[in-house]
Chemist: 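Just dropping this structure here.
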Amino acid sequence: MSHDHHHEDEHECRVHGCCDPECRGRDDHHAHHHVHGHDSGCGCASCHALDNIFSENEEDEREQQAEFRREITFLAVAGVIFLAALLLEELAPQIAPAWLFNALFIILYLATGVPVLKTALKALFKGDIFNEFTLMGGATLAAIAIGEMSEAVGVMLFYRLGEAFQERASANSRRSIKALLAQKPMTARLVVGDKIVEKDPKEIVKGDIVQVLPGEIIPIDGHVVNGVSQIDASAITGESMPAAVSSGSEVHGGTLSLDGLLLIEAAGPFEDSTIARMLEMVQNAVERKSPTERFITRFSKWYTPAVFFLAAAVMTLPPLAGYGSWHEWIYRGLVLLVISCPCALVISIPLGYFGGIGAASKNGILVKGANVFDAVGNVDIAVFDKTGTLTYGRFRLAKTLPAPGVSERELLDTAALAENGSTHPVAKSIMAAAGERPVPAGASITQIPGKGMICRLGGDTVASGNAALMADFGVTAPEIGEHGTIVHVMKNSRYMGSMVVADEIRPESAETVAELRRLGIKGVYMLTGDRNDTAAAVARELKLDGYKAELLPGDKVDALKDICHGDTKKTIYVGDGVNDGPVLVTSETGIAMGGFGSQVAVEVADAVILDDSPAKVADLLCIAKKTRAIVWENVVMALGVKGIFLIFGVAGLAGLWEAVFADVGVALLAILNSTRATRIK
C-alpha cells in the first residue's frame with residue numbers, strides 16, 4: 001500500500017478563487033457548527049428521519065437538567081417538612097392537635113403522591129391493573145385508611161426520589177443521537193463557474209462539483225474529478241490505513257481528506273450519502289430496540305397482584321365463613337398491605353444499582369442506567385470492534401528490514417530525511433521511531449502523489465515510499481511478506497531496506513479475552529471494516545473465537561446478528577467509531593471507548609470506558625455481577641422478613657407497629673446493605 005504526503009502551502013488549485021481566504025484550510029470549516037431543521041421541504045421518509053435527529057439540540061439537555069433540579073428541590077423541601085413533622089409528632093405531640101399533624105401529612109402526601117396516583121389511574125383505565133404504581137397507590141392509601149399518614153408520605157417521598165435519580169441516571173442518553181451532528185459535514189463548498197459558494201450539504205444534488213480542502217470532512221458521496229489526497233475512512237469503515245485517491249476514485253461522505261485538495265462530483269443528494277444513511281440507520285435501530293425492563297417493573301408484575309389478592313382474601317373470606325367480624329378482618333387486610341408495601345425494595349434496589357454505577361465510575365466506566373447491570377449480567381457473547389478498541393488505532397514502526405550492509409539505525413535515519421515534516425500517519429510513526437529532528441538546512445522535500453516522499457540534500461537523493469517509487473529510480477524493491485504497510489527506502493539508487501508500519505494491538509487485549517472467558521463468556525468475536533489479512537492477524541494473536549472483516553456499517557449489524565443467531569439479548573458490543581453507532585444500538589448492551597472514541601459511539605452506547613482500555617469490559621461484568629448479587633440479597637431479605645410478618649399479620653399476632661417495622665426497618669437494613677455496592681472493586 002502506498003502512502004503519500006502533501007503540504008497545504010504547496011497545493012496548486014485549479015479552481016479560480018482558491019487564493020480567496022474562503023478557500024483556504026481554515027479551522028472554522030471543520031464540522032463544529034450546528035445546523036438544525038430541514039429547509040428543502042422534501043417529503044421523503046429519509047429526510048424526515050434526518051430532520052428528527054437534527055432537531056435535537058443543547059436546549060433539550062438544559063431542560064432535562066432544569067427539570068431534574070426542580071424535582072430534587074421539591075423533594076428536598078418536602079422531605080425536610082416531613083422529617084420535622086414526624087419528629088414533632090413523636091417527641092412533642094402536645095405542640096399541636098393530632099388533626100393538624102394529619103392534615104399536614106395529607107397535604108404532603110397529595111403533593112408527593114398525585115403524579116404516582118395519576119399514573120396508576122391511567123394504567124387502570126388501560127387495563128394494566130397490577131404494576132408498581134397501583135401497588136404504591138394502593139398500599140399508601142391503605143396506610144392512610146388505618147391512620148398511618150406518615151407511612152404513606154414516607155413511601156411516596158422515597159419512591160419519587162428513587163424514580164428521579166433513576167430517570168436522571170438514564171437521561172435518555174442511549175437515545176440521544178444529536179452527537180452525530182459532530183460528524184455531519186455542516187458546509188459544502190460548491191463550485192459554481194469560477195466561484196466557490198458555501199452551501200448546506202442537503203442542498204447538493206447529483207452532478208454538483210464540491211471542493212474539499214485538506215483536513216476537511218467530505219460532505220457527500222461521489223467520485224474525484226481532480227486532485228490527489230489520502231482519505232481517512234476509519235470512522236466510517238474501520239479501515240485503519242489511509243487510502244490514496246485520485247481522479248476517478250470513489251469517495252464517501254463522512255470520510256476525512258487528510259492532505260490534498262479535491263474536486264468531487266456528487267453521486268446524489270446528501271440524504272443518499274453514506275453518513276446520512278448511517279444517521280438514519282442509528283435512528284431506526286434505536287426505535288426498534290426496546291430497553292431492558294427494570295427489575296422492579298418485572299417484579300411488580302407478580303408481586304402486586306399477589307399482594308392485592310391476598311389482602312382481599314384476608315378481608316373477605318374469614319368473615320364470610322363466620323370467623324370474626326368484618327371490621328377485624330378488614331383491619332388485618334390493611335395491616336397486611338402496609339407490611340407488604342414495597343418500600344424496602346423501592347429504595348434499596350435503586351440504591352444498590354446506583355452504588356454499582358458509582359463503583360463503575362471509580363473504575364473509569366460510565367454506566368448510563370441501572371438496567372445496564374441487568375443486561376450485562378446475562379450476556380454470553382462479547383463482540384469487539386478492532387481499530388481503536390482492541391488496537392490503538394494509530395500506527396507504529398513494527399519492524400525494520402535493513403538491506404545487507406545497512407544497520408537499522410542507518411535505515412531509520414535515511415528514511416527520516418524524506419519523511420521529516422510530514423503529517424501523514426505513516427510518516428509520524430517513522431519519525432517517532434527515528435526521533436524528532438529539524439529539517440536539515442537546504443533540504444528539498446517533495447511529495448510524489450500515491451508513491452511517497454523524496455528528499456534532495458547536498459547532492460544526495462533519498463526516497464521513502466512504495467515499490468513504484470523505488471522503480472522510478474531504477475531500484476527493484478523485494479516482495480515483503482509482512483502484515484502492515486511496507487515502506488521502502490532508497491539513497492542514491494542504492495536500496496537501503498524496508499520498514500513495516502502497522503496498527504498496534506493494545507497490550508491488555510489478550511488478557512481481556514481470557515478474563516471474559518473466565519467470567520463465563522462463551523464466545524469472543526471481532527467485527528471490523530479493515531482488510532481481511534489485517535483482521536486475521538489480530539484474531540490469531542488474541543485467540544478470538546471468530547471475526548468478520550471488510551464490513552461497512554450496515555454490514556456490521558447483519559454480522560452481529562449472524563454471530564448471535566439473531567438473538568442480540570445476550571450480546572455486548574464494544575466499539576469506538578462512527579461506524580459502530582448502529583451496531584452499538586442493535587446489541588443488547590453497547591460499550592463505547594470514550595477516551596479517543598467518536599462522540600457518536602459515546603452518545604448511543606449504554607456504557608462508556610473513559611480510558612479506552614478493553615480490560616474495563618471485564619471489570620464492568622464483575623461489577624454488574626456483584627451489584628446484582630447485592631440487589632438480590634435485598635430482595636430475599638425484604639421478602640423473607642415481610643413473609644414472616646405477613647403470616648403473623650393474618651394470624652392477628654402482628655399489629656400496626658410490627659407492620660411499620662416490617663416495612664421501614666427492613667428498608668433501613670436494605671439501604672445499609674446497598675451501600676456495599678459503592679465499595680465494589
Side-chain angles (χ1 to χ4, degrees), residues 174 238 285-286 288-293 360 365 367-369 371-391 505-506 508-530 535-536 538-551 553-577 579-593 601 604-609 613-628:
R174 67 185 335 280
V286 170
R288 287 194 302 268
K289 179 180 177 181
S290 58
T292 302
E293 196 172 30
I365 307 166
V367 178
K368 295 185 177 181
N371 57 335
V372 174
F373 289 116
D374 284 337
V376 168
N378 293 320
V379 301
D380 54 22
I381 294 178
V383 184
F384 288 82
D385 172 48
K386 181 187 76 69
T387 307
T389 303
L390 293 175
T391 69
I505 296 177
R506 295 180 185 273
E508 66 270 31
S509 293
E511 177 58 30
T512 298
V513 174
E515 180 64 22
L516 288 174
R517 291 197 175 103
R518 285 194 291 269
L519 289 170
I521 299 297
K522 297 176 182 177
V524 183
Y525 299 85
M526 179 179 72
L527 303 181
T528 179
D530 214 339
V538 173
R540 282 195 303 271
E541 184 168 344
L542 298 181
K543 299 178 181 178
L544 301 178
D545 294 296
Y547 72 92
K548 291 181 182 293
E550 300 181 4
L551 301 171
D555 298 331
K556 278 193 170 184
V557 173
D558 294 334
L560 177 76
K561 292 179 178 178
D562 184 50
I563 287 173
C564 60
H565 305 292
D567 181 13
T568 61
K569 288 189 175 298
K570 292 189 176 182
T571 304
I572 58 172
Y573 181 81
V574 189
D576 76 315
N579 61 314
D580 294 313
V583 71
L584 280 167
V585 177
T586 302
S587 62
E588 180 64 17
T589 305
I591 303 174
M593 296 296 189
V604 301
D606 301 287
V608 180
I609 295 173
S613 172
K616 295 297 175 65
V617 177
D619 292 343
L620 177 59
L621 262 65
C622 286
I623 293 171
K625 289 179 182 295
K626 292 178 181 178
T627 298
R628 295 184 78 215

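By convention here, the first residue in the shown sequence is residue 1.
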Chemist: How long is the straight-line distance from NZ of Lys570 back to NZ of Lys522, given to the nearest 0.5 Å?
Modeler: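 It is 6.5 Å, given to the nearest 0.5 Å.
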Chemist: Going from CD1 on Ile563 to CG on Leu527, what distance comes out if it is rounded to the nearest 0.5 angstrom?
Modeler: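 The CG atom of Leu527 is 4.5 Å from CD1 of Ile563, to the nearest 0.5 Å.
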Chemist: Once rounded to the nearest 0.5 Å, what's the spacing between atom CG of Asp385 and atom OG1 of Thr528?
Modeler: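 Rounded to the nearest 0.5 Å, the CG-OG1 separation comes out at 6.0 Å.
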Chemist: Salt bridge check: are Arg506 and Glu511 linked by an N-O gap of less than 4.0 Å?
Modeler: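 Salt bridge absent between Arg506 and Glu511.
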Chemist: Do you know which two heavy atoms are closest between Ser587 and Thr571, and how far apart they sit?
Modeler: CB-O, 4.0 Å
Chemist: Distance check, rounded to the nearest 0.5 Å: Thr589 atom OG1 versus Leu620 atom CG?
Modeler: 8.0 Å
Chemist: Which one of Asn378, Val376, Ile623 satisfies the side chain to side chain contact (heavy atoms under 4.5 Å, CB included) criterion with Arg628?
Modeler: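 Exactly one candidate clears the test, Asn378.
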Chemist: Any idea which heavy atoms bring Gly388 and Asp576 closest together, and the distance?
Modeler: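 Shortest heavy-atom contact: CA-OD2, 3.6 Å.
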Chemist: Write down the atom of Pro614, the atom of Glu508, and the distance for their closest heavy-atom approach.
Modeler: CD-OE2, 3.4 Å
Chemist: Hey, are Lys548 and Asp558 close enough for a salt bridge, meaning a charged N less than 4.0 Å from a carboxylate O?
Modeler: no
Chemist: So, taking the atom named CG in Leu542 and the one named CD1 in Ile505, what distance separates them when rounded to the nearest 0.5 Å?
Modeler: 5.0 Å
Chemist: Which atoms form the tightest heavy-atom contact between Tyr573 and Lys556, and what is the distance?
Modeler: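 Heavy-atom minimum between the residues: OH-NZ, 3.3 Å.
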Chemist: Looking at NZ of Lys616 and CD1 of Ile365, how far apart are the two atoms once the value is rounded to the nearest 0.5 Å?
Modeler: 6.0 Å
Chemist: If only atom types and distance count, is the side chain of Thr389 paired as donor or acceptor with the main-chain N or O of Lys386 below 3.5 Å?
Modeler: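 Here the side-chain-to-backbone pair does not exist.
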Chemist: Restricting to non-hydrogen atoms, name the atom on Met526 and the atom on Val538 that form the minimum distance, rounded to 0.1 Å.
Modeler: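 Heavy atoms only, the tightest pair is SD-CG1, 3.9 Å.
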Chemist: Between Asp606 and Gly590 (side chain of the first, backbone of the second, donor and acceptor by atom type, cut-off under 3.5 Å), is there such a pair?
Modeler: yes
Chemist: Less than 4.5 Å apart, any side-chain heavy atom of Leu560 and any of Tyr525?
Modeler: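 They are not in side-chain contact.
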Chemist: For Ala618 versus Glu515, what's the shortest heavy-atom pair and its separation?
Modeler: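 Closest heavy-atom pair between Ala618 and Glu515: CB-CG, 3.5 Å.
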Chemist: When Val379 is tested against each of Leu516, Ile572, Leu519 for side chain to side chain contact (heavy atoms under 4.5 Å, CB included), which residue passes?
Modeler: Ile572
